[in-house]
Amino acid sequence: DVIFVPTRELVVEAMLKPAKVGPNDVVYDLGCGDGRIVIAAARLGARGVGIDIDPQRIKEANENAQKAGLTGKVQFRQEDLFEANISEASVVTLYLLPSLNVKLKPRLLSQLKPGTRIVSHDFDMGDWQPEETISVDGKTVYLWTVPKK
């Protein structure tokens, strides 16, 4: 449903910073493309999992992780993000379309633990107000935290 558009490095940094990504985190990137967000999270000490439906993107992501020397800290899975088990995530990153974010919201709220941070590049989640909105390099980054159930 989404074409691959790489996230610029400045925006990747702006997505991981407000989520306070660190060594205790497991970062899931839904629609991971070439793996750049997962790899950037691994550089911050986190463990990363990228989910993408496109086998070519998964191949590129694995090659990029190998070039970065981070294959032990990241994993890329060819799966449908609406079917993948994401429950171990402490941070979820998104660069999808607004309609997909809204469709994904109930799944995020039911699968993720309270306190999990969700960061989206460019697109919000409809009526779920973000805790933080950041402008960087002409782009917008949104941050939410999964509330207590």
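For the single chain, residues carry numbers from 1 onward in sequence order. The analysis underlying the following values was restricted to heavy atoms, covering all of them including side chains, and did not include hydrogens, waters or symmetry mates.
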Hydrophobic cluster identity match, [X] and [Y], side-chain contacts under 4.5 Å:
{"X": "Leu104", "Y": "Ile86", "result": "yes"}
{"X": "Met15", "Y": "Leu96", "result": "no"}
{"X": "Val92", "Y": "Phe82", "result": "yes"}
{"X": "Ile37", "Y": "Ile53", "result": "no"}
{"X": "Ile134", "Y": "Val91", "result": "yes"}

Before giving the answer on side chain to side chain contact (heavy atoms under 4.5 Å, CB included), spell out for Val146 and Leu108 the whole-Å C-alpha distance, their side-chain angles and the decisive distance to 0.1 Å. CA-CA 8 Å; Val146 174; Leu108 295 170; 5.7 Å; no
Who pairs with [X] by side-chain contact (heavy atoms from CB on, under 4.5 Å), at least two apart in sequence or on another chain?
{"X": "Glu88", "value": "Val26, Tyr28, Arg47, Val49"}
{"X": "Pro147", "value": "Leu109, Trp128"}
{"X": "Asn24", "value": "none"}

List the atom of [X], the atom of [Y], and the distance in Å for their closest heavy-atom pair.
{"X": "Ala41", "Y": "Leu16", "result": "N-CD1, 3.7 Å"}
{"X": "Ala14", "Y": "Val141", "result": "O-CG1, 3.8 Å"}
{"X": "Gly126", "Y": "Gln129", "result": "O-NE2, 4.4 Å"}
{"X": "Pro130", "Y": "Tyr142", "result": "CG-CD2, 3.7 Å"}
{"X": "Gly33", "Y": "Ala61", "result": "O-CB, 3.8 Å"}

Under the side chain to side chain contact (heavy atoms under 4.5 Å, CB included) criterion, do Leu94 and Met125 qualify, and how do the steps go? CA-CA 11 Å; Leu94 310 168; Met125 292 226 201; 3.6 Å; yes
Which residues share a side chain to side chain donor-acceptor pair (under 3.5 Å) with [X], sequence neighbours left out:
{"X": "Asp54", "result": "none"}
{"X": "Asp127", "result": "Lys105"}
{"X": "Asn62", "result": "none"}
{"X": "Glu79", "result": "Arg77"}

Glu63/Lys67 ion pair, N-O < 4.0 Å: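 Salt bridge absent between Glu63 and Lys67.
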Strictly below 4.0 Å, N to O, side chains only: are Arg36 and Asp34 in salt-bridge contact?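 Looking at Asp34 together with Arg36, the answer is yes, because their closest N to O distance falls below 4.0 Å.
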Test salt bridge (charged side-chain N to carboxylate O under 4.0 Å, His left out) applied to [X] - qualifying residues, sequence neighbours left out:
{"X": "Lys20", "result": "none"}
{"X": "Glu13", "result": "none"}
{"X": "Glu132", "result": "none"}

Please check if the side chain of [X] supplies one atom and the backbone of [Y] the other of a donor-acceptor pair under 3.5 Å.
{"X": "Lys73", "Y": "Gly45", "value": "yes"}
{"X": "Arg57", "Y": "Gly31", "value": "no"}
{"X": "Asp122", "Y": "Thr140", "value": "yes"}
{"X": "Asn101", "Y": "Ser120", "value": "no"}

Verify the neighbour count for atom CD of Gln66: are there more than 12 heavy atoms of other residues, nucleotides or ligands below 6.0 Å?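 Count not over threshold, so no.
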What's in the same ILVMFWY side-chain cluster as Leu70, cut-off under 4.5 Å, chained through other members?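 Grouped by the 4.5 Å side-chain rule, Val38, Ile39, Ile58, Val74, Phe76 form the rest of the cluster around Leu70.
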Test side chain to side chain contact (heavy atoms under 4.5 Å, CB included) on Leu100 and Leu30; report intermediate values, then the result. CA-CA 11 Å; Leu100 293 179; Leu30 305 184; over 6 Å; no
Contacts under 3.5 angstrom, residues 112-119 side chains, donor-acceptor by atom type, not counting sequence neighbours:
unit_1: Lys113; atom_1: NZ; unit_2: Ser87; atom_2: O; d: 2.9
unit_1: Thr116; atom_1: OG1; unit_2: Ala89; atom_2: O; d: 3.4
unit_1: Thr116; atom_1: OG1; unit_2: Lys113; atom_2: O; d: 2.7
unit_1: Arg117; atom_1: NE; unit_2: Ala19; atom_2: O; d: 2.8
unit_1: Arg117; atom_1: NH1; unit_2: Asp25; atom_2: OD1; d: 3.4
unit_1: Arg117; atom_1: NH1; unit_2: Ser90; atom_2: O; d: 3.3
unit_1: Arg117; atom_1: NH2; unit_2: Ala19; atom_2: O; d: 2.9
unit_1: Arg117; atom_1: NH2; unit_2: Asp25; atom_2: OD1; d: 2.9
unit_1: Arg117; atom_1: NH2; unit_2: Asp25; atom_2: OD2; d: 3.0

